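What follows is a short report on a single structure.
What you see is a predicted model; the values in this text were computed from it and never measured. Here is how names work: the chains are called A, B, and so on, in the same order as the sequence lines, proteins then strands, and each is numbered from 1.
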Number of protein chains: 2
Amino acid sequence: MTVAVPGDSLIRPRPSGASLKSEFVAFKVNRIVEAASRLFYERGYSSCTLDNVASQLSVTKPFLYSYFRNKEAILAAICEVGISEALGVLEDVLAHEHDSHRARLAEVVRKVGRIVIDRQEYVVVYQREMKHLSADDYKRILRLRHSFDHQIGEMIREGVASGEFREDIDPFIAVWIGGLISWIPTWYSSSGQRSAEEVIEYLVQAALRLAGAE
Amino acid sequence: MTVAVPGDSLIRPRPSGASLKSEFVAFKVNRIVEAASRLFYERGYSSCTLDNVASQLSVTKPFLYSYFRNKEAILAAICEVGISEALGVLEDVLAHEHDSHRARLAEVVRKVGRIVIDRQEYVVVYQREMKHLSADDYKRILRLRHSFDHQIGEMIREGVASGEFREDIDPFIAVWIGGLISWIPTWYSSSGQRSAEEVIEYLVQAALRLAGAE
DNA sequence: TGTAAAAACTACTAGCAGGTAGATATTTTT
DNA sequence: AAAAATATCTACCTGCTAGTAGTTTTTACA
C-alpha cells in the first residue's frame with residue numbers, strides 16, 4: 001500500500017520552505033496522519049487528545065504543531081485522504097473502456113470497495129467526523145464527495161440508457177450503491193471470518209441485483 | 001408518537017422511592033433523554049457538554065444529575081430506547097401470522113424502517129456512540145442488538161427453507177438487511193424531497209431483491 | 001570540527017467541562 | 001399554617017486539554 005499524504009495546503013509551512021514534495025516532510029506527515037486516523041477511528045475525534053496521538057508516535061505535542069496548524073487540520077487531512085483516494089480509484093475505473101456497463105459497475109464496486117477496506121480508518125473517520133471540520137475544510141471535502149456521487153450517478157444513468165440496467169430503477173439508486181460501498185466497514189467487520197475478497201464479491205452481486213443487471 | 005423512556009436501572013433512585021412508573025418522573029426523564037438525543041445526534045456525544053443539554057431544557061446541570069448517575073447514563077438511556085424500540089417492533093411483526101415469508105420480510109423492513117426514521121436521533125446515536133458506554137451498559141445494549149440480528153437471521157433462514165427466498169443466498173444476508181435498515185437515516189436525509197414512505201417502500205423492494213424474492 | 005539553521009522538547013497557561021456540597025425554593029402532609 | 005420532604009439551584013473544585021513561548025538537541029554544511 002502506498003503512502004497517503006494530504007494536500008500541501010493542510011500542513012504548516014516549514015521554515016526551510018520544504019513542502020510535501022520533500023520525502024522527509026511527507027514521511028513525517030504521513031506517520032502523524034496514519035496514527036491519528038487509527039486513534040480517531042477507535043475512540044472518536046473529540047475524545048482523543050493530541051497527547052494520545054503524540055505518545056502513539058513517541059513524540060511530543062509540539063511536534064504535531066510543527067506540522068499541522070491545529071487538531072482540526074489533522075482531521076481534515078484524514079478526511080481528504082479518505083475521500084480523494086476513493087475518488088481517484090473511481091475516476092481511474094471510469095476512464096477505462098469496459099465490455100459493458102455491467103462490468104463497469106462491478107469493477108467500480110470492486111475497486112472502490114478495496115480502497116474502503118484498505119483505508120478503513122480514513123474512510124470511517126471521514127464519514128463520522130466531518131461535522132467537526134472548519135467551515136472551509138468542510139466545503140472543500142464536501143465538493144470531493146459531491147463529485148464522487150455525481151460520477152456514480154452518471155454511470156448508472158448511462159447503464160439505464162444502454163438498456164443494461166432495468167429501466168424502472170430509481171435514479172436514487174446511485175445513493176444506494178454509494179451507501180453499499182460506504183457501509184462496507186460495518187459489513188466487513190461483522191462478517192466474522194470472511195476475507196475482504198469474499199465480502200467485496202458479495203457486494204458486487206448485491207449492487208448488480210440492485211441495478212437489476214444480474 | 002408515544003413517549004420513550006429507558007429502563008428503571010438507568011435513572012438515579014428518587015428519594016421518595018418513585019420510579020419511572022411515576023408519570024412525573026417519566027416525563028422529566030423523557031424530556032432529558034429527548035433533548036440529549038437531539039444534541040448528541042447533531043454535535044456528537046463527546047463534544048456536547050451537560051451544560052448544553054441543561055440549557056436546551058432551561059434547567060441547570062445538577063438537575064440532570066438528580067435524574068442520571070452521570071453523562072454516560074444519559075447516553076445509555078438513548079441507546080436503550082433506540083435499540084429496544086426497533087427490537088420491540090421486530091418481535092411484534094414476527095409474532096403475527098403472515099401470508100408468506102415474503103410478506104413478513106416486507107413488513108419487517110417497513111415497520112422497523114418506520115421506527116428508524118421516527119426515532120432517527122436515537123438510532124443514529126446508538127450506532128455511532130456505543131463505544132463510549134461503560135463496560136456494563138455496553139454489554140447490556142449489545143445483547144439487545146444480538147437478539148435483533150439473530151431474529152432477522154432466523155426469518156431469512158425460514159424463508160429459504162420454505163423455498164420463497166433463493167436457496168443460494170448467503171446466510172450473511174441477514175447482516176445486509178440489518179445494514180439496509182440501519183442505513184436509512186443516511187438515505188432518507190440524502191433523498192431530497194422524498195417522503196419517509198417513498199424511501200421505505202423503495203427499501204422494501206431492495207430487501208426483497210437482495211433475498212431473491214421479488 | 002565548528003557553526004548556523006532546523007527540528008524537537010520542556011514547561012507552562014488559560015479555559016473549559018464533569019461532577020459535587022450545601023443553600024434555597026417548592027410541594028406535600030398534618 | 002407550620003413542618004417535613006422533595007426538587008432545583010448557586011457556587012464551587014479539580015483535572016484535563018488545546019495551544020504556545022522559549023530552550024535544547026540534532027542535522028547540514030563548510
Side chain to side chain donor-acceptor pair (under 3.5 Å) against [X], all qualifying residues, sequence neighbours excluded:
X         : result
Gln151(A) : Glu91(A), Ser147(A)
Glu201(B) : Arg110(B)
Arg209(A) : Glu214(A)
Tyr188(B) : none

Which residues within residues 57-72 of chain A lie with some heavy atom under 4.0 Å of an atom in DNA chain C? Val59(A), Thr60(A), Pro62(A), Phe63(A), Tyr67(A)

For nucleotides 24-30 of chain C, give me one character per nucleotide, 5' to 3': B if any protein heavy atom sits under 4.0 Å from the base, S if the only such contacts are to the sugar-phosphate, - if neither. -------

What does the B/S/- profile of nucleotides 25-30 of chain D look like, 5' to 3', with a 4.0 Å heavy-atom cutoff to protein? ------

Taking only heavy atoms on the protein side, list every residue of residues 27-55 of chain B lying under 4.0 Å from any atom of DNA chain D, sorted numerically. Lys28(B)

Taking DNA chain D as the partner, which of residues 13-22 of chain A come within under 4.0 angstrom of it by heavy atom? none

Hey, what do you get for [atom1] ([X]) to [atom2] ([Y]), rounding to the nearest 0.5 Å?
X         : Y         : atom1 : atom2 : value
Ile83(A)  : Ile115(A) : CD1   : CD1   : 11.5 Å
Leu105(B) : Glu158(B) : CG    : CD    : 12.0 Å
His96(B)  : Lys111(B) : NE2   : NZ    : 7.5 Å

Distance, rounded to the nearest Å, where Phe24(B) contributes CZ and dA5(D) contributes C1': 13 Å

Please report, rounded to the nearest Å, how far the P atom of dG19(C) is from the CZ atom of Arg12(B). 10 Å

Does Glu107(B) pair with Arg104(B) as a salt bridge, N-O distance under 4.0 Å?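 Looking at Glu107(B) and Arg104(B), the cut-off is not met.
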
Test applied, salt bridge (charged side-chain N to carboxylate O under 4.0 Å, His left out); reference residue, Glu80(A); option that passes from Arg140(A), Arg119(A), Arg143(A): Arg140(A)

Derivation and outcome, side-chain contact (heavy atoms from CB on, under 4.5 Å), residues Leu10(B) and Arg69(B): CA-CA 8 Å; Leu10(B) 281 173; Arg69(B) 185 173 17 99; 4.1 Å; yes

By ring-ring contact (aromatic ring centres under 6.0 Å, His included), which residues pair with Tyr67(A), not counting sequence neighbours? Phe63(A)

Using atom types as modelled, flag every donor-acceptor pair under 3.5 Å from a side chain in residues 21-33 of chain A to any protein atom, sequence neighbours excluded.
unit_1: Ser22(A); atom_1: OG; unit_2: Phe24(A); atom_2: N; d: 3.2
unit_1: Ser22(A); atom_1: OG; unit_2: Val25(A); atom_2: N; d: 3.2

No-hydrogen, no-angle side-chain donor-acceptor test under 3.5 Å, Tyr122(A) and Glu34(A):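 Tyr122(A) vs Glu34(A): donor-acceptor pair found between side chains.
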
For a quick test of your reading: what N or O donor-acceptor pairs under 3.5 Å do the side chains of residues 39-50 of chain B make, sequence neighbours left out?
unit_1: Tyr41(B); atom_1: OH; unit_2: Gln120(B); atom_2: OE1; d: 2.9
unit_1: Arg43(B); atom_1: NH1; unit_2: Asn52(B); atom_2: OD1; d: 3.2
unit_1: Tyr45(B); atom_1: OH; unit_2: Glu72(B); atom_2: N; d: 3.4
unit_1: Ser46(B); atom_1: OG; unit_2: Ser47(A); atom_2: OG; d: 3.2
unit_1: Ser46(B); atom_1: OG; unit_2: His132(B); atom_2: NE2; d: 3.4
unit_1: Ser47(B); atom_1: OG; unit_2: Ser46(A); atom_2: OG; d: 3.2
unit_1: Ser47(B); atom_1: OG; unit_2: His132(A); atom_2: NE2; d: 3.0
unit_1: Ser47(B); atom_1: OG; unit_2: Arg43(B); atom_2: O; d: 2.9
unit_1: Thr49(B); atom_1: OG1; unit_2: Asp51(B); atom_2: N; d: 3.3
unit_1: Thr49(B); atom_1: OG1; unit_2: Asn52(B); atom_2: N; d: 3.0
unit_1: Thr49(B); atom_1: OG1; unit_2: Asn52(B); atom_2: OD1; d: 3.2
unit_1: Thr49(B); atom_1: OG1; unit_2: Asn52(B); atom_2: ND2; d: 3.3

Chi angles and distances behind the side-chain contact (heavy atoms from CB on, under 4.5 Å) call for Ile141(B), Arg145(B): CA-CA 6 Å; Ile141(B) 303 290; Arg145(B) 167 58 181 265; 5.8 Å; no

